[in-house]
Amino acid sequence: MIHEIWSDRPTFKRLRFHSGLNIVVATKTSSKMSDSMGRRSRNGAGKSSVIDVVRFVLGGEVRRDQTVIAAAPLAADTFFMTFDILGKAVTASRTPARGKSGRIQIQGAHEHWPIQPDIDEKTGEISMARSTWLDLLGQVFFGFPDSRRIPSGSRLSFLSCIAYFSRRGRDGAFADWRRTFDRQGAADYIVPLSFLFGLDTDVALKFVQLAEAQRRDNDVRKALHQEVLSALGSKGQVRNAIVKADRSADRLRARLESTSVVDFYGEFEREAANLDARVRELNDGNYIDSQYLHDLEEAIGSERAPELPDLARLYAEAGIVLPGVTLQRYADVQRFHEVVVSNRAEHLSAEIAATRERIAERTRERDAIVDRHDEILEILKSGLSRGHYARLERELAEVLAEAAQLKKNYELIERFENSQVDVKTMRIDAERALRADLSEREELIRQAVAIFQEASSALYSEPAEFDIAADATGPRFDISKPDIGSIGVRNMQVFCFDITMALMLARRGSWPGFLMHDSHIFDGVDGRQIGAALRVAERMLSAIDGQYIVTINSDDLEKAAREYGDDFAKSIVPPELSDAEEGGLFGFRFEHWKDQDGSS
């Protein structure tokens, strides 16, 4: 139960609540403030801001698009609320200023709490970090386990549940009984509502996971529709491409790891090329000289004086006697030929020796060059040039990128092949588990139906019907609408839904102890139904020692008293708010955000 809310700002209208029905009234003033349609308005009275303060002290977010507490003029204000935690009153306070909103100050007994607050050794100040505060409230208000034991992605949290007990019209919370804000999807509310109505949250979580799997499956189908998969090839082709790319990457990586950069690599390459050219030049020279040597050796072997005929014997056989002088001249010619042959032999021998020396000299030079060339080749084999090393690095990066993309493609193909089977299996498992859970909790569902019927019957002669049933998207919290299609009827369905939810949760032993609505709950509702709803909330919530806190426009309350035939004066929480300059909840007018409800 909430006992009171206030602020350290002197103009703030302190509100003290009691058990049962609590009506916060906003009245018109004689100033006849007009809205955009020329009608008098109470939008500056701060009706929804009452819920803003409660949510803020209970650890709500401080965002300009969510709460008036985020308005700059209120940044330094401290807001207080006294309420019950585990049967004992405690006062909590919080300041919205940046750097301060992260901690909640506490006054009162806390020794019996499951989570203990921090106590400053110097000042004795008792406080809690916001995350710890939310964990504590989740446990004591709703019976949550430790927050670390709540599955991630379930959307089950204190804030997601307390929003059902403190609805605001500006959030779109009265548009659909299952939602507490606009654009809230089934994945956001299915687990919290399952918990609040006593269903198995693990079963509800299966449907959240199923929805995520279906979304992934749709993404894959979209890729297929865009012919992405068709361009990837078959699974076997992609697998082979991956293996090929991985092998190329391994080879390049091994080469880079086993080698290093050789300084002056280019100079060594140029020297080796010059040495190659010199070796070819020397070999060519030796080849030419070898041929020349062969010719010389053949020539020297065949060199000898020509054999002259025996003239004396020839002439004697002919009976002719040669004169002596003729024979002498003939002998001189013979000696001349012998001298010529001897000189030529000496010349050839000298030429052969010189040729052999040239060949030997070239061979020695070539052998030395070959040794140096081999030395350079060993240096070049030991490493790479910087440019070559960089090219190999770039090549490795390209191969790795190709392999990574191929693996993504392979995963996409696998996901496509498996998605249909996985989603179908998940759906069958989730639907089977849900049917079993609803069957086991048949009595609980009957209780919820009975509570809803009791509340709805008090409002309409043809009440709406409530049911919890299995659906392909998870547990379905159905309300069959009467044929009267109006905003007022819809809002009363939300009202009956919240009453049912509060009683079902209270029967399990843990609930906040209060239910709050802002004045938009009665938009479009007849006076008789407003009066009936106020008395239904009072009666049904008082039965579980709870309270109903509602803000309402004064003319709607007057209409309810008149048409329903009842007096609600004893339930009005003083002071009444108004749209006067200083009549709002905060006691002054200021601009904030797009909605002025709560701006004064």
Side-chain angles (χ1 to χ4, degrees), residues 1-8 17 49-63 66-70 74-152 154-168 180-181 191-192 195-196 505 509-516 547 549:
M1 184 174 109
I2 300 175
H3 296 281
E4 59 182 324
I5 61 172
W6 73 98
S7 163
D8 59 358
F17 304 104
S49 298
V50 174
I51 296 179
D52 286 343
V53 172
V54 171
R55 284 197 181 185
F56 173 68
V57 177
L58 292 179
E61 295 183 0
V62 186
R63 289 172 46 181
Q66 289 188 352
T67 176
V68 70
I69 303 299
L74 303 177
D77 292 14
T78 299
F79 296 92
F80 299 81
M81 184 169 79
T82 299
F83 61 105
D84 292 338
I85 293 182
L86 295 177
K88 295 185 179 181
V90 64
T91 298
S93 61
R94 187 181 177 201
T95 302
R98 182 173 300 178
K100 294 184 178 181
S101 62
R103 294 199 71 83
I104 289 81
Q105 311 303 316
I106 300 165
Q107 301 174 34
H110 57 79
E111 294 77 13
H112 59 301
W113 294 359
I115 303 175
Q116 288 299 301
D118 302 320
I119 302 177
D120 190 293
E121 295 181 356
K122 295 182 179 179
T123 65
E125 181 180 80
I126 304 172
S127 66
M128 264 189 174
R130 175 175 174 263
S131 59
T132 308
W133 179 242
L134 293 174
D135 195 359
L136 169 71
L137 295 180
Q139 294 183 41
V140 298
F141 274 17
F142 298 109
F144 284 174
D146 185 286
S147 59
R148 292 170 294 186
R149 294 169 53 196
I150 297 176
S152 61
S154 68
R155 278 79 162 181
L156 182 63
S157 67
F158 171 75
L159 292 179
S160 68
C161 288
I162 199 64
Y164 285 100
F165 291 83
S166 54
R167 293 187 190 252
R168 294 178 302 205
T180 59
F181 60 88
V191 177
F195 176 85
L196 294 173
L505 184 62
S510 296
W511 80 294
F514 62 86
L515 177 64
M516 303 181 72
Q547 64 183 163
I549 301 174

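Index from 1, following the sequence.
Take Arg167 and apply the side chain to side chain donor-acceptor pair (under 3.5 Å) test, not counting sequence neighbours, and it matches Asp498. Contacts of Thr132 classified as side chain to side chain contact (heavy atoms under 4.5 Å, CB included), with partners at least two apart in sequence or in another chain: Ile115, Met128, Ala129. Residues passing the side chain to side chain contact (heavy atoms under 4.5 Å, CB included) test with Thr91 are Trp6, Phe80, Thr82, Gln107, sequence neighbours excluded. Every residue meeting the salt bridge (Lys or Arg N to Asp or Glu O under 4.0 Å) condition with Arg55, not counting sequence neighbours, appears here in chain and number order: Asp171. Take Ser154 and apply the side chain to side chain donor-acceptor pair (under 3.5 Å) test, not counting sequence neighbours, and it matches no residue. Under the rule for a ring pair (Phe, Tyr, Trp, His ring centres under 6.0 Å), the partners of Phe144 that lie at least two apart in sequence or sit in another chain are Phe142, Phe195. Take Glu61 and apply the salt bridge (Lys or Arg N to Asp or Glu O under 4.0 Å) test, not counting sequence neighbours, and it matches Arg63. Qualifying salt bridge (Lys or Arg N to Asp or Glu O under 4.0 Å) partners for Asp77, counting only residues two or more places apart in sequence or in other chains: Arg9. Residues meeting the side chain to side chain donor-acceptor pair (under 3.5 Å) test with Arg103, sequence neighbours left out: Asp118, Ser127. Remark: Arg148 pairs with Asp146 by the salt bridge (Lys or Arg N to Asp or Glu O under 4.0 Å) rule, at least two apart or across chains. Here Thr95 pairs with Thr78 under the side chain to side chain donor-acceptor pair (under 3.5 Å) rule; sequence neighbours left out.
Remark: Ile85 CD1 to His110 NE2 distance equals 11.0 Å, nearest 0.5 Å. For the atom pair NE2 (His3) and CZ (Phe83), the distance works out to 9.5 Å, reported to the nearest 0.5 Å. Here the straight-line distance linking atom CD of Gln105 with atom NZ of Lys100 works out to 10.0 Å at 0.5 Å rounding. Atom-to-atom distance recorded for Gln139:CD and Leu86:CG is 10.0 Å, nearest 0.5 angstrom. Expressed to the nearest 0.5 Å, how far CD1 of Ile69 lies from OG of Ser49 amounts to 6.5 Å. Atoms CG and CD1, on Leu58 and Ile51 in that order, are 11.5 Å from each other to the nearest 0.5 Å.
Using a 4.5 Å cut-off on side-chain heavy atoms (C-beta onward), Ser160 and Tyr164 make no contact. Residues Met516 and Ile2 are in side-chain contact: their nearest non-hydrogen atoms beyond the backbone lie under 4.5 Å apart. Contact of the Leu196 side chain with the Phe165 side chain is registered, since non-hydrogen atoms from C-beta on lie closer than 4.5 Å. Here the side chains of Leu156 and Cys161 are in contact, with some heavy-atom distance below 4.5 Å. Put simply, the side chain of Ile549 reaches to within 4.5 Å of the side chain of Gln547, judged on heavy atoms. Side-chain contact check for Val62 versus Ser101: some heavy-atom pair is nearer than 4.5 Å. A heavy-atom distance below 4.5 Å is not found between the side chains of Ser510 and Leu505. Counting only heavy atoms from C-beta outward, the side chains of Ser93 and Ile104 never approach each other to under 4.5 Å.
Closest heavy-atom contact between Asp135 and Pro145: OD1-O, 4.3 Å. Scanning all heavy atoms of the two residues, the minimum distance from Pro114 to Val140 falls at CD-CG1, 3.9 Å. Residues Trp113 and Pro117 share a closest heavy-atom pair of CE3-CD, 4.1 Å. Scanning both residues, Val57 and Ala92, for their nearest heavy atoms gives CG1-O, 3.6 Å.
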Arg94 vs Phe79, side-chain contact (heavy atoms from CB on, under 4.5 Å): CA-CA, chis, key distance, verdict: CA-CA 6 Å; Arg94 187 181 177 201; Phe79 296 92; 6.0 Å; no
Using the rule given for side-chain contact (heavy atoms from CB on, under 4.5 Å), can you reason through Met81 versus Glu4, listing the C-alpha separation, both sets of side-chain angles and the distance that settles it, and then say yes or no? CA-CA 6 Å; Met81 184 169 79; Glu4 59 182 324; over 6 Å; no
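Applying the ring pair (Phe, Tyr, Trp, His ring centres under 6.0 Å) definition to pairs two or more places apart or across chains, those involving residues 121-141 are Phe141-Phe158.
Shown are Leu74, Ile5, Thr67; of these, the side chain to side chain contact (heavy atoms under 4.5 Å, CB included) with Val53 is made only by Ile5.
A side-chain donor-acceptor contact under 3.5 Å links Asp120 to the backbone of Thr123.
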